[in-house]
Amino acid sequence: VWTQRKAQARPTSLRGSAGLHRALGKQAKVRLGLGLEQDFARHRRELGLEVVPEYRRQLGKGNALSSNFKLFAGAAPTQRLSIQTFNALQIHLVGNLYTTIDANLFVHRDSKVARLAFKSELQVGLGYTWDRKWF
């Protein structure tokens with residue numbers, strides 16, 4: 001949000017992570033690992049700890065609810081903190097046709113910047129599941 005150059009419309013960053021998954025019952029799991037965030041506008045790399053709890057529940061009649069919470073805490077001098085949540089509700093309509101409702105929230109904090117970055121989105125759409133015999 002704050003690292004864009006004047007010639008860039010938006011800042012560009014890339015994040016990757018690797019770690020260990022652990023199931024916490026049938027509906028929940030957690031991932032703990034190291035994350036690497038590359039900021040291409042400032043040419044900086046940030047290494048940090050990433051914690052990702054995930055939850056998925058079948059609601060019956062083909063409906064499902066899933067939630068994913070991603071926390072990244074940078075270990076570099078900038079002390080970066082990112083929180084991302086992805087929540088989805090899948091509602092069965094007929095056959096393989098579903099309606100989907102996604103509510104996502106992103107919060108980003110950098111100790112060298114006075115402002116907090118915040119973005120939220122709500123998406124409603126249609127989805128279709130393919131039968132496995134096609135693959």
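This is a predicted model, so every value here is computed, not measured. Sequential numbering from 1 along the given sequence is applied to the chain's residues.
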Could you list the donor-acceptor pairs under 3.5 angstrom formed by side chains in residues 47-59, with sequence neighbours left out?
from, atom 1, to, atom 2, distance (Å)
E50, OE1, S17, OG, 2.6
E50, OE1, R31, NH2, 3.2

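- Nearest heavy-atom pair across F72 and L36 is CE1-N, 4.4 Å.
- The ring pair (Phe, Tyr, Trp, His ring centres under 6.0 Å) pairs that include a residue from residues 80-103 are F86-F106, H92-Y98, where partners are two or more places apart or lie in different chains.
- Listed here is the closest heavy atom pair of N87 and S67: OD1-OG, 2.6 Å.
- With S82 as the partner, the side chain to side chain donor-acceptor pair (under 3.5 Å) test is satisfied by one option alone out of E46, R109, H108: H108.
- At a threshold of 4.5 Å between non-hydrogen side-chain atoms, the residues N104 and E121 count as touching.
- When all heavy atoms are compared, the tightest approach of I91 to N63 is CA-OD1, 3.3 Å.
- Once rounded to the nearest 0.5 Å, the distance linking CG of L105 with CD1 of I83 reads 8.5 Å.
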Go through R22 and V30 one step at a time and tell me if the side-chain contact (heavy atoms from CB on, under 4.5 Å) criterion holds. CA-CA 5 Å; R22 172 131 176 118; V30 67; 4.1 Å; yes
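- Between the side chain of T85 and the main chain of K70, no donor-acceptor pair closer than 3.5 Å is present.
- There is no path of hydrophobic side-chain contacts, each under 4.5 Å, that joins L89 to Y128.
- Contact between T99 and G125 at its shortest, heavy atoms only, is OG1-O, 3.1 Å.
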